Peer 1: 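After the structure tokens below, expect a handful of questions from me.
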Amino acid sequence: MKISSMFLHTLKEDPKDAEVTSHKLMLRAGMIRKVSSGIYSYLPYGLAILRKVEAIVREEMNKSGAQEVLLPGVQPAELWEESGRWDFYGKELLRFKDRKGAQFAIGPTHEEIITDLVRNEVRSYRDLPLNLYQIQTKFRDEMRPRFGVIRAREFIMKDAYSFDVDEKGAEKNYHAMQTAYERIFTRCGLKFKAVEADTGTIGGSFSHEFMALADTGEDVILSCTKCQYAANIEKAEIVRPDSLKMADAPSGKPEKVHTPQVKTVEEVANFLKVRPQDIVKTLIYTTDAGVIAALVRGDHEINEIKLKKALGCDTLELADETTIESATKAPRGFAGPVGLNIKIIADMGLVTNGPFVSGANELNHHLKNVWLSRDVKISAIDDIRNAEAGDLCPRCKQGTFEMIHGIELGHVFKLGTKYSKSMNATFLDETGKQQLIIMGCYGIGISRTVAALIEQCHDDDGIILPVSMAPYPFLILPIDVKSQEVMDTATAIYEGLKALNIPALFDDRDERPGVKFKDADLIGVPYRITIGPKTLKEGAVEIRERTTKVTEKISKDSVIEYCKKVLKEKHINL
RNA sequence: CGGGGCGUAGCGCAGUCUGGUUAGCGCACCUGCCUUGGGAGCAGGGGGUCGGAGGUUCGAAUCCUCUCGCCCCGACCA
């Protein structure tokens with residue numbers, strides 16, 4: 001491709017809107033342009049990289065036995081009502097009416113559509129197992145789109161759905177997807193980690209997320225320093241203490257102290273000269289099972305997903321001021337467990353400690369010398385806090401957790417019969433009995449993968465594409481387009497690569513060398529072939545590797561061979 | 001949804017507080033000259049309903065009211 005005629009417009013300056021590196025570079029390299037918040041157009045160069053990811057995904061999905069389909073972006077409300085998600089999904093589901101007034105949504109995911117399709121086609125166990133996937137644009141009306149295409153509202157996703165006759169088959173499909181994902185992200189040249197994840201409202205026995213390691217990642221992962229265990233903070237387990245009984249207390253009773261305007265854990269710790277871990281944080285929640293109090297140590301953070309699970313409730317929300325006041329008889333900031341008349345659940349991190357400081361349920365007062373075993377009626381003790389760096393690993397019990405950040409690229413999980421049940425997707429087994437299909441679903445954020453890759457692979461000059469991700473592995477750069485000799489050589493190389501179907505960019509613009517060098521670095525082409533009058537006098541051209549910045553001088557006649565060799569070494573078949 | 005910030009040429013910004021010629025600068029773009037190994041230089045040029053609507057005023061980018069959009073922090077969401 002000749003750059004002079006390419007729809008490629010690079011920017012010298014960082015666009016104001018962009019915060020993270022990948023977003024800045026994707027805009028500067030002319031890959032994307034913003035249309036609206038969280039909505040982007042892909043320009044030729046950006047699309048070309050996107051296609052590289054898609055190609056790898058297709059190859060590996062097909063190899064694993066999945067078959068490609070293409071489902072509609074617009075989905076009728078009826079199917080969502082059938083699965084129960086029309087009311088449940090919330091504002092992220094963009095809804096609208098057609099001219100007849102019928103309700104539709106723009107698909108944020110496709111469980112309903114695929115389940116509907118499969119239930120209409122699959123009759124017998126002979127039709128199973130099945131794994132269907134698609135690569136398609138999805139829309140989720142995110143409250144706060146961020147980081148360019150990393151958290152966009154409109155984005156491109158590969159989603160696959162598996163259908164099996166039994167649990168064993170479902171498990172097999174799950175593992176097939178896991179290994180496919182490992183291969184996909186490895187081939188993309190990404191540093192990633194598969195971590196245990198929460199299954200969310202979807203349920204099922206387990207799920208894994210594939211995280212690209214990046215400091216700017218929104219997800220927090222806890223990873224054992226000794227063994228393989230790694231999990232999303234939402235899920236990361238904490239070692240259970242030997243006993244879930246609160247530490248024995250001496251006789252006595254809590255002592256009320258005056259603490260004017262002292263509310264937060266930090267303020268209380270400073271004011272009363274105690275450590276944060278000697279304070280009990282009391283959080284009041286409104287749930288579908290009533291108002292409850294959750295207790296965690298002052299230095300710990302509550303984990304609402306764990307809390308929800310421990311309580312067995314569906315909805316959970318920090319209580320508002322009015323609810324807090326009616327439950328504790330005190331304004332926010334002074335809640336404490338002593339004398340509370342609502343259900344109290346305590347984190348197991350509290351069992352070995354005492355005495356504690358807590359709120360006194362009275363304005364400007366706290367209690368000292370509180371023993372949970374003596375002074376508080378606890379209904380349950382469970383793991384309801386976030387794991388943190390330094391915690392003992394729950395698996396090997398030798399290593400400790402370190403905290404890393406990641407960008408969620410892929411998610412595999414078992415759906416079980418959630419959708420087949422609500423939407424009645426069944427088959428007849430060998431004995432003629434009707435059975436529910438066991439499902440799984442597996443997503444990869446394609447557009448997000450491109451951004452994650454750039455987040456990992458760049459330097460001060462721009463993007464550094466691995467050869468596997470480069471739509472054009474080579475860029476031919478004549479220093480002076482007015483020099484006949486230079487242009488003849490450059491053109492010969494360009495045509496030579498073209499004849500072999502090796503994609504290359506030809507920077508034939510009448511620009512000064514510096515401009516072309518900067519652009520070449522910015523868009524991240526792995527190999528730059530520079531043709532200038534100086535080296536040409538020796539019959540040579542230069543090849544510079546983007547990653548290492550090492551320049552090598554080679555004979556102008558051996559360039560094609562060199563390129564072929566590079567591709568072979570990197571196992572790229574074009 | 002709460003808090004903060006910003007909308008002036010394709011991009012980045014000044015001008016707004018304190019109203020007053022033809023609204024300015026850098027980059028990008030067009031023409032010419034010159035130059036050609038890391039975003040050169042000179043000369044000339046095109047491009048703006050100052051986010052939108054309404055109002056105040058002799059006069060509004062500037063003041064007032066409403067509104068839309070975008071960004072950041074938080075909440076929310078899986």
Side-chain angles (χ1 to χ4, degrees), chain A residues 7-20 23-24 27-30 33-40 43 85 88-94 108-109 111 138 140-148 151 153 155 157 159 197-204 207-209 211 218-219 232-235 304-305 308 315-321 407-413 415 441 443 445 448 460-462 477-483 486-487 507 509-523 528-537 540-542 544 549 551 553:
Chain A
F7 187 55
L8 175 70
H9 299 272
T10 57
L11 306 173
K12 268 191 202 176
E13 287 169 282
D14 281 340
K16 192 178 132 209
D17 287 353
E19 190 88 345
V20 297
H23 189 196
K24 286 180 189 166
L27 288 163
R28 286 191 53 206
R33 290 291 182 254
K34 186 172 77 182
V35 175
S36 183
S37 179
I39 300 177
Y40 292 86
L43 281 47
R85 290 209 291 184
F88 201 69
Y89 207 90
K91 285 187 186 157
E92 276 189 28
L93 184 64
L94 183 63
T109 176
E111 281 83 7
K138 305 230 185 288
R140 292 182 189 170
D141 199 357
E142 295 274 354
M143 259 174 196
R144 185 135 107 83
R146 248 192 279 215
F147 305 146
R151 196 170 185 76
R153 293 196 291 172
F155 59 100
M157 185 169 172
D159 48 325
D198 180 62
T199 48
T201 44
I202 284 163
S207 100
H208 286 86
E209 287 167 339
M211 296 282 193
E218 290 184 273
D219 286 278
N232 193 309
I233 192 164
E234 297 167 346
K235 160 96 180 177
E304 293 187 358
I305 290 167
K308 211 187 271 187
T315 63
L316 183 83
E317 209 178 329
L318 267 176
D320 56 29
E321 201 80 28
I407 300 167
E408 182 186 344
L409 298 179
H411 200 163
V412 295
F413 49 95
L415 292 173
C441 81
R448 181 182 272 191
D460 289 346
D461 293 316
L477 195 154
I479 292 288
D480 180 3
V481 297
K482 300 226 172 75
S483 155
V486 167
M487 280 309 270
D507 198 345
R509 294 175 300 170
D510 185 10
E511 288 285 357
R512 296 171 58 85
V515 174
K516 299 199 204 181
F517 290 150
K518 288 286 183 192
D519 274 343
D521 285 348
L522 176 62
I523 67 175
R528 187 182 82 200
I529 303 163
T530 312
I531 297 121
K534 287 180 195 166
T535 50
L536 214 49
K537 284 204 180 78
V541 303
E542 286 164 347
R544 187 175 115 125
K549 297 185 175 175
T551 305
K553 223 188 275 184

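So you know, we letter chains A, B, ... as the sequences are listed, proteins then strands, and number each from 1. Every value quoted in this text rests on a predicted model; they were computed, and no experiment measured them.
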Peer 1: For a quick check of understanding: with a heavy-atom distance under 4.0 Å over all strands, which category does A/Arg140 fall into, base, sugar-phosphate or nothing?
Peer 2: nothing
Peer 1: Rounding to the closest angstrom, what is the interatomic distance between B/rG15 and B/rG7 at atom C1'?
Peer 2: 15 Å
Peer 1: Using a heavy-atom cut-off of 4.0 Å across all strands, would you classify A/Ser36 as base, sugar-phosphate, or nothing?
Peer 2: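 The residue A/Ser36 makes sugar-phosphate contact but no base contact.
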Peer 1: Whole angstrom is fine here: how far is it from CG in A/Asp141 over to P in B/rC1?
Peer 2: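 Answer to the nearest Å: 11 Å.
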Peer 1: Checking all strands, does A/Asp461 fall into the base, sugar-phosphate, or nothing category for heavy-atom contacts under 4.0 angstrom?
Peer 2: nothing
Peer 1: In whole Å, what separates the P atom of B/rC25 from that of B/rG45?
Peer 2: 12 Å
Peer 1: Can you check the A/Asp510 CG to B/rU31 P distance for me, whole Å?
Peer 2: 11 Å
Peer 1: Do A/Arg85 and A/Leu93 have side chains that approach each other closer than 4.5 Å (heavy atoms only, starting at C-beta)?
Peer 2: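 The answer is no; the side chains never approach within 4.5 Å.
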Peer 1: For RNA chain B, whose closest nucleotide is more 5', that of A/Glu317 or that of A/Lys482?
Peer 2: A/Lys482
Peer 1: Tell me: CG of A/Asp219 to P of B/rA78, nearest whole Å?
Peer 2: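 That distance rounds to 14 Å.
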Peer 1: Quick one: A/His9 NE2 to B/rC30 P, roughly how many Å, whole number?
Peer 2: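 That distance rounds to 10 Å.
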Peer 1: Would you indicate what A/Arg33 reaches in the nucleic acid, counting non-hydrogen atoms under 4.0 angstrom: base, sugar-phosphate, or nothing?
Peer 2: nothing
Peer 1: For the pair made of NZ in A/Lys12 and P in B/rA28, what is the distance, rounded to whole Å?
Peer 2: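 Going from NZ in A/Lys12 over to P in B/rA28 covers 4 Å.
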Peer 1: Between A/Phe147 and A/Pro533, just flag the one whose closest nucleotide in RNA chain B comes earlier from the 5' side.
Peer 2: A/Pro533
Peer 1: Is it true that atom CD of A/Glu317 has more than 12 heavy atoms of other residues, nucleotides or ligands lying nearer than 6.0 Å?
Peer 2: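 Counting other residues, nucleotides and ligands, CD of A/Glu317 stays at 12 neighbours or fewer.
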Peer 1: A/Glu218 has an atom CD; how far is it from atom P of B/rC77, in whole Å?
Peer 2: 15 Å
Peer 1: Rounding to an integer number of Å, can you tell me how far A/Met487 CE sits from B/rU36 P?
Peer 2: 17 Å
Peer 1: Which nucleotide wins on minimum distance to the side chain of A/Lys34, given the candidates B/rA40, B/rC71, B/rC76?
Peer 2: B/rC71
Peer 1: Considering Watson-Crick and G-U wobble pairs with both distances under 3.5 Å, what does B/rU22 pair with?
Peer 2: none
Peer 1: Quick one: do A/Lys482 and A/Asp480 make a salt bridge, cutoff under 4.0 Å?
Peer 2: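 Judged by the 4.0 Å cut-off on N to carboxylate O distance, A/Lys482 and A/Asp480 do not form a salt bridge.
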Peer 1: Using a cut-off of 4.0 Å on non-hydrogen atoms, how would the nucleic acid contact of A/Gly532 be classed: base, sugar-phosphate, or nothing?
Peer 2: base
Peer 1: Quickly work out the A/Arg528 CZ to B/rG38 P distance and round it to whole Å.
Peer 2: 10 Å
Peer 1: Classify the nucleic acid contact of A/Lys16 as base, sugar-phosphate or nothing, counting any heavy atom under 4.0 Å across all strands shown.
Peer 2: sugar-phosphate
Peer 1: Roughly how far apart, to the nearest Å, are B/rU35 and B/rG47 at atom P?
Peer 2: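 32 Å, rounded to whole Å.
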Peer 1: So among A/Met157, A/Lys91, A/Arg153, which one has a side-chain contact (heavy atoms from CB on, under 4.5 Å) with A/Arg140?
Peer 2: A/Met157
Peer 1: Salt bridge or not for A/Arg528 and A/Asp507, using N-O below 4.0 Å?
Peer 2: no
Peer 1: Donor-acceptor pair, distance only, cut-off 3.5 Å: does the side chain of A/Ser36 make one with the backbone of A/Ile39?
Peer 2: no
